[in-house]
Amino acid sequence: MTPRDDSPAETASKSGNPAKQKTIKEQRAEQRTAKVEAFKKEQARKRRNKRIGIGAAIVGGVAVVALLVTSIVLTIPKNATYEAGGSGAKIEGVETFQNSNTHVETAVDYPQTPPAGGDHNPAWLNCGIYTEVQQSENAVHSLEHGAIWVTYDPSISDEELELLKEKLPSTYVILSPFEELPTPIVLSGWDVQLQVEDASDERITEFFEEYWKSENVPEPGALCTGAVEGPGKA
């Protein structure tokens, strides 16, 4: 019979150092720990990517809003600017009148069409753009305060009307349609009037430069707001 060799050296060579051996339980614990760490890293990566995506979306959204605001600002029509009063320049075609100036509660039969001064209602028409015909007695009161009343034939084209609007200041002006005008467009101040055939006429701006907010009106600088709001105010 072959003798057994159970010497300590032989046993150690077969099983290794028992102090360095890991139990199955310990190995599984290590694997779980490794999986948990890997999961945490993956979650952190996803959160980081999400933050980056949200940040990019916010930046992109801000850029889009800024672009929209810029485009809107650039496309909004700007009002023309004029100096108040005038230098006494002579403008071809301007007619002057001598009208009365009394507050009345009744309708007035005006000598000019459209009116360019005269008796008028105690309440003035608020300045602005109107799409409907206005009460003359109220509009004439606005002329008394230095406003310009721009009237146009309702049959003019939309292009003509838009060009006309581009020549208007932001305040002390009334724009409204008017029936049976002598020309397609008529500009009226207090005791002054200009008739033109189209909105491209250079005399329109000349008229504003000379008569807009003129000091030669009965009540210069009086308000052009806070009174009658006519129909069709744009």
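Heavy atoms only: backbone and side chains are in, while hydrogens, waters and symmetry mates are out. Keep in mind it's a predicted model, so treat the numbers as computed, not measured.
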Check whether any side-chain N or O of [X] sits under 3.5 Å from a backbone N or O of [Y] as a donor-acceptor pair, and report yes or no.
X: Glu215; Y: Gly85; answer: no
X: Thr131; Y: Gly232; answer: yes
X: His141; Y: Pro122; answer: yes
X: Ser214; Y: Val217; answer: no
X: Glu210; Y: Gly88; answer: yes
X: Arg203; Y: Glu92; answer: yes
X: Gln134; Y: Leu125; answer: no
X: Asp119; Y: Thr102; answer: yes

Quick one: [atom1] on [X] to [atom2] on [Y], what's the gap to the nearest 0.5 Å?
X: Glu137; Y: His103; atom1: CD; atom2: NE2; answer: 12.5 Å
X: Leu187; Y: Asp201; atom1: CG; atom2: CG; answer: 9.5 Å
X: Thr113; Y: Glu180; atom1: OG1; atom2: CD; answer: 8.5 Å
X: Thr96; Y: Trp190; atom1: OG1; atom2: CH2; answer: 14.0 Å
X: Lys213; Y: Ile148; atom1: NZ; atom2: CD1; answer: 11.5 Å

Exercise. Under 30°, 30 to 60°, or over 60°: which ring-plane class applies to Trp212 and Tyr172, parallel, tilted or perpendicular?
Worked result: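 Plane angle over 60°, so perpendicular.
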Would you say [Y] ends up clustered with [X] if hydrophobic residues are merged whenever their side chains have heavy atoms under 4.5 Å apart, either directly or through other cluster members?
X: Phe178; Y: Leu164; answer: no
X: Ile129; Y: Leu163; answer: no
X: Tyr130; Y: Tyr152; answer: no
X: Val108; Y: Leu143; answer: yes
X: Ile156; Y: Ile174; answer: no

For this session: Give me the one residue out of Ile204, Val150, Asn79 that meets side-chain contact (heavy atoms from CB on, under 4.5 Å) with Lys167.
Result: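 Single side-chain contact (heavy atoms from CB on, under 4.5 Å) partner of Lys167 among Ile204, Val150, Asn79: Ile204.
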For this session: State whether the number of non-hydrogen atoms from other residues, nucleotides or ligands found under 6.0 Å of Ile54 atom CD1 is greater than 12.
Result: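 Counting neighbours around CD1 of Ile54, more than 12 heavy atoms of other residues, nucleotides or ligands fall under 6.0 Å, so yes.
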For this session: Determine whether more than 12 heavy atoms belonging to other residues, nucleotides or ligands lie under 6.0 Å from atom CD of Glu83.
Result: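 Atom CD in Glu83 is not packed in, count stays at 12 or less.
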Under a 4.5 Å cut-off applied to non-hydrogen side-chain atoms, are [X] and [Y] in contact?
X: Asp198; Y: Pro184; answer: no
X: Phe208; Y: Pro169; answer: yes
X: Gln193; Y: Val186; answer: yes
X: Val140; Y: Trp124; answer: no
X: Pro154; Y: Glu179; answer: yes
X: His120; Y: Asn138; answer: no

Problem set entry | Between Glu144 and Asn101: side-chain donor-acceptor atoms closer than 3.5 Å |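 Present: a donor and an acceptor within the cut-off.
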For this session: Please determine, by modelled atom types, if Gln112 and Asn99 share a side-chain donor-acceptor pair under 3.5 angstrom.
Result: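 Yes, a side-chain donor-acceptor pair sits under 3.5 Å.
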Exercise. Looking at Val228 and Ala123, what are the two nearest heavy atoms and their distance?
Worked result: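 The pair with the smallest heavy-atom distance is CG2-CB, 3.6 Å.
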Problem set entry | Non-hydrogen atoms of Val173 and Leu168 that approach each other most closely |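 Taking Val173 first and Leu168 second, the nearest heavy atoms are CG2-CD2, 4.1 Å.
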Problem set entry | Worked check of side-chain contact (heavy atoms from CB on, under 4.5 Å) between Leu175 and Leu161 | CA-CA 10 Å; Leu175 176 70; Leu161 184 56; 4.2 Å; yes
Exercise. Testing Ser142, Ser176, Ser188 for side chain to side chain donor-acceptor pair (under 3.5 Å) with Trp149, which one passes?
Worked result: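 Per the side chain to side chain donor-acceptor pair (under 3.5 Å) rule, the option paired with Trp149 is Ser176, out of Ser142, Ser176, Ser188.
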For this session: Verify side-chain contact (heavy atoms from CB on, under 4.5 Å) between Val192 and Phe207, making sure each step is shown before the conclusion.
Result: CA-CA 9 Å; Val192 292; Phe207 189 90; 3.8 Å; yes
Exercise. Is the shortest side-chain N to carboxylate O distance from Lys165 to Glu162 below 4.0 Å?
Worked result: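 Yes, Lys165 and Glu162 are salt-bridged.
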